[in-house]
Asks: 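Sharing a structure with you now.
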Number of protein chains: 2
Amino acid sequence: MYSSELIKGTLKTIILKLLSEEKRMYGYEITQKVKELTGGKIQLTEGALYPTLHALEAQGILTTEVVNVGNRLRKYYTVTSSGKLMADEKVNEFSDFMNTMIFLLDLKPKMGKA
Amino acid sequence: MYSSELIKGTLKTIILKLLSEEKRMYGYEITQKVKELTGGKIQLTEGALYPTLHALEAQGILTTEVVNVGNRLRKYYTVTSSGKLMADEKVNEFSDFMNTMIFLLDLKPKMGKA
DNA sequence: ATAAATACATAAATTTCTTATGTATATCTG
DNA sequence: CAGATATACATAAGAAATTTATGTATTTAT
C-alpha cells in the first residue's frame, strides 16, 4: 500500500479508465479489479469510491442501471460518450504529468515486467 | 498547468528531492526552480509551500538559516540526514507508484527528450 | 511613479479522502 | 449451524492538504 497522499487525485482517472475498457462495472467490482491489477498496492475505499461515482453520474459522465442478482442489488456504471473523452483526457494528462515528474525527480526509465 | 488534483501529494517529494541536490534553497527559489524545470507545468503556490516547509522543519527533516540579502531576508532550508533518507524513500515510493499506474492505465513507456 | 518581481507569512474556505457506521444478503468454515 | 468473512450498497463526521485571499515589505523594471 502506498501512502495515501500519492493515490489522491488519481481516483477519477482510474475509475474512468477501467470503465472505458470494461463496458460496465459495479462499484464493488471496481475495488476488486484495482486490488487485483495492482497486487493489493492500491485499495480503493468505499467512502471515497461511492461518492465519486455519484458525482460522475450527476455530471453526466456515467450512467447507471440497477440489476438484481439473487436477492442483492448491483448498480452498474457505464461511461457516456463525453465520459470516454474525459477518460482519454485524464489518462493523457496523467501520462504527461508522469513524464514531467520523471524529469523533475531525475528518475531512470525502468523496463520492468511490462 | 496540470489540474491541481494530480499535483497533490507530490509536494513533499518535490521539495525534498530538490533540496537533496541543491544543498540549500529558499522558498521562493524552490517555486522558481520547479517552474523552470517543468516549463511552467507545475507552479507551487506559496500558501501550500510555506506551511509544508514549516512542518518539515518542525519534524527535524529540514533546518533553516536566515540570511540578509540587501535589506530583505531569505530563509534557507537544508535537509538533515534523516531528511535525505526521507527524500530517497519518497522518490522511490513515487517511482514504484508510477510503475503501478503505468500498468493499471495501460500506458506505453515513452522515450522522450530525456 | 507605477507595476511587477522578490520574499516572507498566515488564515479562511474548499476539496478530497479516511474512518466510522449502518443495512442486508450470501458464502465459507469448523 | 453458528459465526466469520465476503459481497454490495450508502452516508456522515472528521482529518488532511491545498487553494484563494490577504498582508507586509523591499527591489527592479517601465
Side-chain angles (χ1 to χ4, degrees), chain A residues 1-16 18 24-36 40-59 61-62 64-77 90 94 97, chain B residues 1-16 18-19 24-36 40-59 61-62 64-77 90 93-94 97:
Chain A
M1 278 282 285
Y2 301 113
S3 70
S4 65
E5 320 174 300
L6 276 189
I7 303 171
K8 288 189 185 183
T10 59
L11 182 54
K12 278 184 211 161
T13 308
I14 291 170
I15 291 172
L16 290 172
L18 287 186
R24 67 175 201 178
M25 296 177 87
Y26 54 99
Y28 187 74
E29 188 184 8
I30 294 174
T31 66
Q32 297 309 299
K33 188 79 179 173
V34 169
K35 188 177 170 182
E36 179 202 326
K41 285 180 175 179
I42 298 180
Q43 276 169 255
L44 306 183
T45 59
E46 296 167 300
L49 178 65
Y50 289 118
T52 300
L53 287 171
H54 300 162
L56 290 171
E57 187 189 1
Q59 291 168 51
I61 307 291
L62 303 177
T64 59
E65 30 178 346
V66 176
V67 174
N68 262 54
V69 176
N71 221 322
R72 229 163 13 190
L73 58 84
R74 276 184 195 164
K75 202 165 174 183
Y76 278 98
Y77 289 88
K90 285 272 179 196
F94 188 75
F97 174 64
Chain B
M1 277 282 284
Y2 301 114
S3 70
S4 65
E5 321 175 299
L6 274 189
I7 302 171
K8 289 186 186 190
T10 58
L11 180 56
K12 276 183 215 164
T13 308
I14 291 169
I15 291 172
L16 290 173
L18 287 186
L19 285 174
R24 66 176 203 179
M25 298 177 85
Y26 54 100
Y28 187 76
E29 188 183 8
I30 294 174
T31 67
Q32 298 309 301
K33 188 79 182 176
V34 169
K35 188 176 171 185
E36 179 203 325
K41 286 180 173 177
I42 297 179
Q43 275 169 253
L44 305 184
T45 59
E46 296 167 300
L49 178 65
Y50 289 118
T52 300
L53 287 173
H54 300 163
L56 289 172
E57 187 188 2
Q59 290 167 53
I61 308 290
L62 302 177
T64 59
E65 30 179 344
V66 177
V67 174
N68 262 55
V69 175
N71 221 323
R72 227 162 17 189
L73 57 86
R74 278 184 193 164
K75 202 167 173 182
Y76 279 98
Y77 290 87
K90 285 272 179 196
E93 191 190 14
F94 188 75
F97 174 65

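Letters A, B, ... mirror the listed sequences (proteins, then strands); counts begin at 1. No experiment lies behind these values; they were computed from the predicted model shown. Below, all heavy atoms of this structure are taken into account, side chains as well, without hydrogens, waters or symmetry copies.
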Asks: Taking ring-ring contact (aromatic ring centres under 6.0 Å, His included) as the definition, give me every residue that meets it alongside Y26(B), ordered by chain and number, with sequence neighbours left out.
Replies: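 Y76(B).
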Asks: If you fit an axis to the five pairs at each end of the helix from dA1(C)-dT30(D) to dG30(C)-dC1(D), how big is the angle between those two axes, to 10 degrees?
Replies: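 Overall, the helix from dA1(C)-dT30(D) to dG30(C)-dC1(D) bends by 30° from one end axis to the other.
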Asks: Could you give the CG-to-P distance, from L6(B) to dA17(D), as a whole number of Å?
Replies: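 Taking atom P of dA17(D) as the reference, CG of L6(B) is at 18 Å.
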Asks: Within this structure, what is the CG-to-P distance between L44(B) and dT20(D), rounded to whole angstrom?
Replies: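 Rounded to the whole Å, the gap is 14 Å.
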Asks: Taking the side chain of K8(B) as heavy atoms from C-beta outward, which of dT27(D), dT18(D), dT18(C) is closest to it?
Replies: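 Nearest to the side-chain atoms of K8(B), counting from C-beta on, is dT18(D).
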Asks: Who pairs with K33(B) by side chain to side chain contact (heavy atoms under 4.5 Å, CB included), at least two apart in sequence or on another chain?
Replies: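 With sequence neighbours excluded, K33(B) shows a side chain to side chain contact (heavy atoms under 4.5 Å, CB included) to L18(B), E22(B), M25(B), E36(B), L37(B), given in chain and number order.
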Asks: Looking at every heavy atom in both K90(A) and T13(A), which two are closest together, and how far apart are they?
Replies: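 Answer, listing the atom of K90(A) first, then T13(A): CD-OG1, 3.6 Å.
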Asks: Going 5' to 3' along nucleotides 1-13 of chain C, which nucleotides have protein heavy atoms under 4.0 Å from the base (write B), which only from the sugar-phosphate (write S), and which from neither (write -)?
Replies: ----BBSBBB---
Asks: Determine all donor-acceptor pairs shorter than 3.5 Å in which one atom belongs to a side chain in residues 43-58 of chain A; sequence neighbours excluded.
Replies:
from, atom 1, to, atom 2, distance (Å)
T52(A), OG1, A48(A), O, 2.8
H54(A), ND1, Y50(A), O, 3.4
E57(A), OE2, T64(A), OG1, 3.0

Asks: For I42(B) and dT19(D), give me the distance from atom CD1 to atom P, rounded to whole Å.
Replies: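 Roughly 11 Å, once rounded to whole Å.
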Asks: Would you mind reading off the distance between R24(A) atom CZ and dA8(D) atom P, rounded to a whole angstrom?
Replies: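 So the CZ-P distance, R24(A) to dA8(D), works out to 13 Å.
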Asks: Quick one: list whatever passes side chain to side chain donor-acceptor pair (under 3.5 Å) with K8(A), sequence neighbours left out.
Replies: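 K8(A) satisfies side chain to side chain donor-acceptor pair (under 3.5 Å) with no other residue.
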Asks: Suppose we screen for ring-ring contact (aromatic ring centres under 6.0 Å, His included). Which residues come up paired with F97(B), at least two apart in sequence or across chains?
Replies: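 In terms of ring-ring contact (aromatic ring centres under 6.0 Å, His included), with neighbours along the sequence ignored, F97(B) is linked to Y2(A).
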Asks: Checking E93(B) now: which residues fulfil salt bridge (charged side-chain N to carboxylate O under 4.0 Å, His left out) with it, not counting sequence neighbours?
Replies: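 Testing E93(B) for salt bridge (charged side-chain N to carboxylate O under 4.0 Å, His left out), a comparison that skips the adjacent residues, returns none.
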Asks: Using atom CD1 of I7(B) as one end and atom P of dT16(C) as the other, report the distance to the nearest whole Å.
Replies: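 Rounded to the whole Å, the gap is 13 Å.
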Asks: Calculate the interatomic distance between K35(A) atom NZ and dT5(D) atom P; express it in whole Å.
Replies: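 In whole Å, dT5(D) P and K35(A) NZ are 13 Å from each other.
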Asks: Measuring from the side chain of L11(A) (C-beta onward, heavy atoms only), which nucleotide among dC17(C), dT26(D), dT25(C) has the closest atom?
Replies: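 It is dC17(C).
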Asks: Let me know the distance between CE of M25(A) and C1' of dA8(D), rounded to the nearest Å.
Replies: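 Atom CE in M25(A) sits about 14 Å away from atom C1' in dA8(D).
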Asks: In whole angstrom, give the distance that lies between atom CG of L56(B) and atom C1' of dA17(D).
Replies: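 After rounding, the gap between these two atoms is 13 Å.
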Asks: Which pairs count as salt bridge (charged side-chain N to carboxylate O under 4.0 Å, His left out) when at least one residue sits in residues 66-75 of chain A, sequence neighbours excluded?
Replies: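 Listed by first then second residue: nothing to list.
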Asks: Would you mind telling me which residue lines up with the more 5' stretch of DNA chain C, N71(A) or T52(A), judged by nearest nucleotide?
Replies: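 The answer here is T52(A).
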Asks: Calculate, to the nearest 0.5 Å, the distance between atoms CD1 and OG1 belonging to I15(B) and T31(B) respectively.
Replies: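 Rounded to the nearest 0.5 Å, the CD1-OG1 separation comes to 10.5 Å.
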